[in-house]
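We name chains A, B, ... by the order of the sequence lines, and we start the count at 1 in each one.
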2 protein chains.
Amino acid sequence: MKNNKDLPVEEHSGPLMADVARLAGVAISTVSRALANPGRVNEKTRAKIDAAAKHLGYTPNAMARGLRVGKSNVVMIVLPGSLYYGVSQVIPQVLQGINRSLSQNGYHLMIANLDRDETSERHILDLAFGGTVRGAIILSSDLPVDGGRSLKDSALPIVSLLFDMSHAALPSVVTNDRQSVREATSELIALGHKRFLYLAGPVGNYHDNERYLGVLEALAAAGLSEKAVVRSGGTLDYQHGFQIGVAAAAEFADLTQKPTAVIATSDDMAISFMSCVQRTGWKIPEDLSIVSFDGAPVCEYSSPPLSTIEQPVEEMGQLAVSLLMERIDAPERGAAARHVISSKLIRRESFGPARPSS
Amino acid sequence: MKNNKDLPVEEHSGPLMADVARLAGVAISTVSRALANPGRVNEKTRAKIDAAAKHLGYTPNAMARGLRVGKSNVVMIVLPGSLYYGVSQVIPQVLQGINRSLSQNGYHLMIANLDRDETSERHILDLAFGGTVRGAIILSSDLPVDGGRSLKDSALPIVSLLFDMSHAALPSVVTNDRQSVREATSELIALGHKRFLYLAGPVGNYHDNERYLGVLEALAAAGLSEKAVVRSGGTLDYQHGFQIGVAAAAEFADLTQKPTAVIATSDDMAISFMSCVQRTGWKIPEDLSIVSFDGAPVCEYSSPPLSTIEQPVEEMGQLAVSLLMERIDAPERGAAARHVISSKLIRRESFGPARPSS
DNA sequence: AGAGCTTTAGCAAACGATTGCCAAAAACCG
DNA sequence: CGGTTTTTGGCAATCGTTTGCTAAAGCTCT
């Protein structure tokens with residue numbers, strides 16, 4: 001390395017710990033201890049050091065510390081490929097809940113990905129194995145894989161949010177999708193509805209499974225056949241939320257026996273569905289009742305206001321973080337509990353009694 | 001440091017560069033060169049090294065590299081306090097555009113903040129001054145400050161997105177808000193509208209300023225007085241988008257001279273406003289025309305479908321990233337251009353000719 | 001004042017990679 | 001085969017912090 005002492009001044013980052021030590025008139029190791037472990041140093045010198053640090057605008061170099069102690073203060077969040085995946089409208093709230101909790105614990109939030117292509121997978125694993133992140137919160141049912149590496153094999157503390165991955169030894173924070181949908185369906189049945197249209201999410205998706213099962217359970221409990229529900233869609237990803245609703249409306253128009261109630265698995269599809277069928281003369285809720293899922297704020301202002309099952313995503317994010325903190329502090333793989341937070345139906349004008357005629 | 005050679009095996013992270021070197025039968029420095037600068041090493045040995053690295057699942061430690069070379073591969077995004085700030089619906093798209101471009105350039109995306117309290121400010125500055133991030137994209141008109149430190153003073157390459165901060169020497173990527181609103185307003189005037197209601201964002205907000213000026217310019221160009229427009233709201237933050245619309249609808253109900261056209265500065269407020277005034281018997285667009293701003297996908301499915309001015313946020317994000325990359329490569333403070341990307345009005349059923357009666 | 005205590009200085013070895021340097025080895029060429 | 005070029009090996013310093021250690025210093029208390 002070329003000795004560049006001859007240069008006028010090095011365009012370095014900022015003041016170093018050594019600078020603080022010099023200014024405070026103490027040893028560099030004392031500065032380190034004062035900053036990291038305030039208890040182990042005399043109050044007076046600690047104050048002196050603090051003052052010096054503040055005066056210089058000193059900020060410890062995170063990479064140097066991270067390298068030394070072998071851990072970082074960053075947590076990454078892994079998203080599913082399609083941003084919308086069923087909670088489109090609530091992503092910002094999820095992030096907010098997570099970020100707030102992380103901040104309180106002194107961590108930073110890194111977005112590992114938004115797409116889920118090969119490049120992204122590699123990036124995610126680089127973050128995990130390159131020591132950049134200390135933990136991960138994953139909102140997806142499949143763990144990233146690239147080349148020989150897999151997130152599953154990393155020693156990284158991970159918790160799953162919105163998807164139940166307790167079977168894969170990941171602590172999971174989920175809502176009681178199935179039960180909520182069952183209750184909503186039962187409520188529709190009690191209102192006299194006997195034929196249903198179910199607007200599906202992508203086939204095989206965890207949330208679609210759960211929610212559809214909820215419908216079936218309610219039918220069974222009421223002594224109705226599975227034939228009482230028509231499944232629509234399932235070929236499109238949640239990403240195309242609005243398109244699903246449009247397609248479903250076309251499908252609805254072709255049905256000879258019209259259902260009297262619709263259960264949608266996301267607000268987006270419910271909104272576009274309503275818009276389309278209303279345009280063809282159907283009245284909601286007089287002709288057709290609708291209930292959907294997500295709890296997007298906009299539902300309150302659709303016409304008619306849309307009943308939706310709201311997930312307390314912010315609370316869920318916070319819980320996910322605190323579980324992650326536990327795993328970081330006590331990295332016991334194994335005991336992966338499934339934490340259920342109740343979602344709840346918000347009743348609005350989009351549903352009512354079934355028409356006597358049908 | 002205690003010598004712990006007696007411990008069975010160290011729960012280290014993973015394989016080191018030294019392990020790769022050993023397996024490939026080459027020197028550690030050769031491995032480093034092969035990985036970082038593939039050109040400077042024989043193709044055959046490079047292949048051997050690659051194979052060894054892949055076999056071990058080797059991932060270079062980002063913090064060690066970062067410490068050594070004095071730079072990281074992380075870019076942070078600084079958000080305004082309220083998540084919604086006028087582009088609520090499009091935050092995910094913005095992030096997506098930014099993240100995709102960053103990935104292509106080998107960078108990772110860190111969310112510096114979602115709130116904007118004191119803790120967040122400190123975190124942001126820690127990231128900036130602690131060497132964690134290599135650059136920043138800021139979506140806010142005020143730069144973080146904490147204690148003695150200010151983002152302004154950091155040597156960090158920064159670009160501003162959505163807000164024009166070229167006056168503060170930050171390259172900025174913005175839309176032509178004012179012009180778009182002016183054109184939309186002119187279009188309404190051409191349709192015979194003479195009295196307007198303007199649904200304002202927070203007073204003093206850059207976007208609110210620009211958009212309101214657009215309205216005024218259109219009025220002036222048509223020879224109309226400024227009195228032709230009633231300003232509503234301005235006390236609530238964009239965060240409360242829907243509430244602004246609700247409040248504005250109440251205000252609208254009290255007006256003795258009803259406007260025939262409404263210009264809203266965000267889709268959220270337009271949607272809730274429509275919902276409320278429709279409930280009191282007003283017909284849109286027969287009685288009242290509405291145009292809003294943001295280009296949220298949901299507008300296509302409101303009733304009636306809402307005309308809105310769409311901002312190409314993904315494209316803007318990409319441009320912001322490429323500007324940032326330039327700044328990183330050639331850190332010339334100064335020449336801070338303002339890059340304008342055109343937004344455009346999407347015409348839907350929410351507006352039409354003014355009623356002759358008024 | 002000396003014993004017993006807490007606090008600090010100073011030293012040095014990490015953490016895991018990058019990089020300049022020079023010599024050794026290998027490959028290439030006529 | 002000698003000479004030239006390309007490629008490697010080894011060494012050592014470096015990035016900025018943490019941390020264990022020992023010894024020195026400061027303090028309190030009898």
Side-chain angles (χ1 to χ4, degrees), chain A residues 1-5 7 10-22 24-49 52-53 56 58-73 126 129-132 134, chain B residues 1-5 7 10-22 24-49 52-53 56 58-73 126 129-132 134:
Chain A
M1 191 150 298
K2 180 159 293 167
N3 187 336
N4 49 7
K5 277 227 179 62
L7 289 185
E10 322 192 25
E11 181 60 62
H12 255 157
S13 29
L16 269 37
M17 189 172 274
D19 299 319
V20 177
R22 203 175 313 121
V26 300
I28 186 171
S29 42
T30 306
V31 175
S32 176
R33 280 181 263 262
L35 263 36
N37 205 345
R40 294 198 53 73
V41 64
N42 188 330
E43 170 58 27
K44 277 213 320 240
T45 52
R46 198 198 53 71
K48 204 164 53 180
I49 290 171
L56 291 174
Y58 171 72
T59 306
N61 183 300
M63 294 198 290
R65 155 183 278 144
L67 175 59
R68 176 59 229 254
V69 304
K71 31 190 82 145
S72 81
N73 57 160
D126 285 349
F129 289 99
T132 304
R134 190 71 204 291
Chain B
M1 191 152 299
K2 181 159 293 165
N3 187 338
N4 47 7
K5 277 226 179 64
L7 290 184
E10 321 193 26
E11 181 61 61
H12 255 157
S13 30
L16 268 36
M17 188 172 272
D19 300 319
V20 177
R22 202 175 314 121
V26 301
I28 186 171
S29 42
T30 308
V31 175
S32 176
R33 278 181 265 263
L35 263 38
N37 206 345
R40 295 196 53 73
V41 65
N42 188 334
E43 169 58 27
K44 275 212 321 242
T45 52
R46 198 197 54 72
K48 205 164 51 181
I49 290 171
L56 291 174
Y58 170 73
T59 306
N61 184 300
M63 293 198 291
R65 157 183 275 144
L67 176 59
R68 176 60 230 255
V69 305
K71 32 190 80 142
S72 81
N73 56 159
D126 284 348
F129 289 99
T132 304
R134 190 73 203 291

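Taking CD1 of Ile49(B) as the reference point, atom NZ of Lys44(B) lies at 13.0 Å (rounded to 0.5 Å). Between the OG1 atom in Thr30(B) and the CG atom in Leu35(B) there is a gap of 11.5 Å [rounded to 0.5 Å]. In this structure, Asn73(B) CG and Arg65(B) CZ are separated by 8.0 Å, a value rounded to the nearest 0.5 Å. The distance from the CE atom of Met63(A) to the CG atom of Asn61(B) is 10.5 Å, given to the nearest 0.5 Å.
Contact detail for Val20(B) and Ala53(B): the closest heavy-atom pair is CG1-N, 4.0 Å. When all heavy atoms are compared, the tightest approach of Thr59(B) to Phe129(A) is OG1-CB, 3.4 Å. Counting all heavy atoms, side chain and backbone alike, Val41(A) lies closest to Thr45(A) at CG2-OG1, 3.4 Å. Closest heavy-atom contact between Lys48(B) and Ala24(B): CE-O, 3.4 Å.
Between Arg65(A) atom CZ and dC15(D) atom P there is a gap of 19 Å when expressed in whole angstrom units. Rounded to whole angstrom, the span from the NZ atom of Lys71(A) across to the P atom of dT19(D) amounts to 9 Å. Counting to the nearest Å, the C1' atom of dT19(C) and the CG atom of Leu35(B) are 15 Å from each other. Atom CD1 in Ile49(B) sits about 14 Å away from atom P in dA17(C), given to the nearest Å. Separating the CG atom of Asn42(A) from the C1' atom of dT8(C) is a distance of 10 Å, rounded to the nearest angstrom. What separates CZ of Arg22(B) from C1' of dT8(D) is a distance of 18 Å, to the nearest Å. Rounding to whole angstrom units, NZ of residue Lys44(B) and C1' of dT7(D) are separated by 12 Å. Whole-Å rounding puts the Asn61(A) CG to dG16(D) C1' distance at 6 Å.
Taking only side-chain nitrogens and oxygens, Tyr58(A) never comes nearer than 4.0 Å to OP1 or OP2 of dG16(D).
Nearest-nucleotide assignment on DNA chain C puts the 5′-proximal partner with Glu43(A), out of Met63(B) and Glu43(A).
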Between the protein and nucleotides 9-12 of chain C, list every N/O to N/O distance that falls short of 3.5 Å.
| unit_1 | atom_1 | unit_2 | atom_2 | d |
| --- | --- | --- | --- | --- |
| dA9(C) | OP1 | Ala27(A) | N | 3.3 |
| dA9(C) | OP2 | Ala27(A) | N | 2.9 |
| dA9(C) | OP2 | Thr30(A) | OG1 | 2.2 |
| dG10(C) | N7 | Ser29(A) | OG | 3.3 |
| dG10(C) | O6 | Arg33(A) | NH2 | 3.4 |

Polar pairs (N or O, both sides) under 3.5 Å between protein and nucleotides 22-27 of chain D?
none

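Within the 3.5 Å criterion, the main-chain N or O of Thr132(B) finds a donor-acceptor partner in the side chain of Ser72(B).
Of the listed nucleotides (dT17(D), dT8(D), dT19(D)), dT19(D) has the atom at the smallest distance from the side chain of Val69(A).
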